[in-house]
Protein chains: 2
Amino acid sequence: MPAAARPSYSATSLLDVAVQVFNERGYDGTSMGDLAAALGITKSSIYHHVAGKEALLGLALDRALSALFAVLDEPGAAEGRARDRLEHVVRRSVAVLDRELPFVTLLLRVRGNTPTEQAALARRREFDRRVADLVAEAIADGDLRDDLDPALVTRLLFGTVNSLVEWYRPGRGASADEVADALVEMTLGGLER
Amino acid sequence: MPAAARPSYSATSLLDVAVQVFNERGYDGTSMGDLAAALGITKSSIYHHVAGKEALLGLALDRALSALFAVLDEPGAAEGRARDRLEHVVRRSVAVLDRELPFVTLLLRVRGNTPTEQAALARRREFDRRVADLVAEAIADGDLRDDLDPALVTRLLFGTVNSLVEWYRPGRGASADEVADALVEMTLGGLER
DNA sequence: GTCTATAAATTGATAGAC
DNA sequence: GTCTATCAATTTATAGAC
């Protein structure tokens with residue numbers, strides 16, 4: 001991996017700029033001309049690095065999904081009471097958001113227009129399913145109130161987590177840990193019996 | 001799939017179909033050809049009803065914003081303790097989401113690419129500001145825990161509300177009232193001291 | 001209120017020189 | 001690794017007939 005200097009890009013350093021522009025203007029609202037302008041190179045130069053616009057999107061979505069699924073495989077997500085494993089997944093998901101914000105932001109805005117986007121949506125649903133299992137288990141354990149529907153709780157909980165991409169900016173305002181603390185206090189605090 | 005044999009629209013009935021397609025494919029991902037196909041008429045016929053694609057967006061965003069601001073002017077949002085007024089705004093915002101789901105969904109996805117979108121974002125920020133005032137007041141009253149930042153709480157709270165557009169569908173699964181109940185239990189429940 | 005036909009601009013992508 | 005030049009397809013929008 002050559003540390004990018006001035007007017008020379010690799011497939012990955014190019015991706016960072018591209019994803020930023022995708023998030024600013026929306027993926028569909030971004031033309032290859034927009035990307036070229038942001039990169040400071042011409043449209044055709046982009047095709048030297050990647051197959052096209054959709055391949056760029058695929059790389060970005062893959063990076064976000066890999067980071068999120070890695071959380072589910074951490075020890076803290078596999079050991080202990082379900083309620084604590086759930087808190088671990090929530091806190092570590094916020095950490096992923098902090099670390100990979102542009103990529104996760106892009107993932108959460110995908111609509112399913114292309115096969116690339118549909119595949120990403122399918123993986124997102126798998127992630128949600130595994131979290132929902134955790135919520136159901138925590139309720140069965142008696143650690144979360146049982147008068148609320150597990151599927152509904154899961155959606156509200158991760159709806160709150162995902163909504164962070166709308167305003168959270170690393171290094172500005174509250175830190176990722178402070179946000180995670182407040183989020184856990186508000187959500188899990190209200191879900192405990 | 002829609003509009004088998006009903007080739008006559010008004011500006012508002014056309015808007016319903018257009019907004020649905022905008023939400024399915026994204027605004028930028030929707031061409032006038034896509035709209036024409038969904039409407040069962042030709043592209044040029046659309047221009048008989050509206051000035052263009054962006055005017056269609058403007059009408060839709062206006063409808064969502066009007067409904068949301070109307071909530072702030074209801075008696076329940078102006079009388080009583082701040083904490084109760086806040087709960088009123090949350091519950092009634094969920095009701096607006098239920099009633100005007102496609103329009104609010106579109107509003108929440110706007111990125112600010114055009115003047116029309118920028119104006120909508122400015123009005124959204126004004127709505128958020130008025131909710132933040134309510135949260136700050138409820139904390140000052142001692143009705144919500146004071147160890148959390150009011151601005152942060154506001155963002156988490158309405159982040160949760162806004163995330164409903166990602167999965168809530170009227171008449172499918174939980175009702176709007178059930179969703180509002182669960183949401184208030186989880187969020188305000190966790191925010192009470 | 002809808003149509004056909006078409007203009008005018010923009011789009012994603014390729015070829016080949018340096 | 002970047003460039004100029006160009007293409008074919010698509011896009012928003014208009015003109016004018018029925």
Find the distance [X]:[atom1] to [N]:[atom2] and express it as a whole number of Å.
X	N	atom1	atom2	answer
A:His48	C:dT14	NE2	C1'	15 Å
B:Leu14	C:dT2	CG	C1'	13 Å
B:Asp28	C:dT10	CG	P	15 Å
B:Ile41	D:dC18	CD1	P	21 Å
A:Leu35	C:dT11	CG	P	11 Å

Does the pair A:Glu192/A:Arg145 count as a salt bridge with the N-to-O cut at 4.0 Å?
-> no
Could you run down the sub-3.5 Å N/O contacts of the protein with nucleotides 13-17 of chain D?
{"residue": "D:dA13", "atom": "OP2", "partner": "B:Tyr47", "partner atom": "OH", "Å": "3.3"}
{"residue": "D:dA13", "atom": "OP2", "partner": "B:Lys53", "partner atom": "N", "Å": "3.3"}

Only one of B:Leu164, B:Leu97, B:Val161 forms a side-chain contact (heavy atoms from CB on, under 4.5 Å) with B:Val179, so which one is it?
-> B:Leu164
Hey, does A:Asp62 have a side-chain heavy atom less than 4.5 Å from the side chain of A:Arg123?
-> yes
For residues A:Phe103 and A:Val96, determine if any side-chain heavy atom of one lies less than 4.5 Å from a side-chain heavy atom of the other.
-> no
For A:Thr114, side chain to side chain contact (heavy atoms under 4.5 Å, CB included) partners two or more places apart = A:Glu54, A:Thr116, A:Glu117
Does a side-chain N or O from A:Ser45 land closer than 4.0 Å to OP1 or OP2 of D:dC3, or not?
-> yes
Would you classify B:Ser10 as touching base, sugar-phosphate or nothing, given that sugar-phosphate means primed atoms plus P, OP1 and OP2, and contacts are heavy atoms under 4.0 Å?
-> nothing
Under 6.0 Å from the six-membered ring centre of A:Tyr47 and within 45° of its axis: does the NZ or CZ of A:Lys53 meet both?
-> no
Candidates D:dG1, C:dC3, D:dT12 - which lies nearest the side chain of B:Thr42 = C:dC3
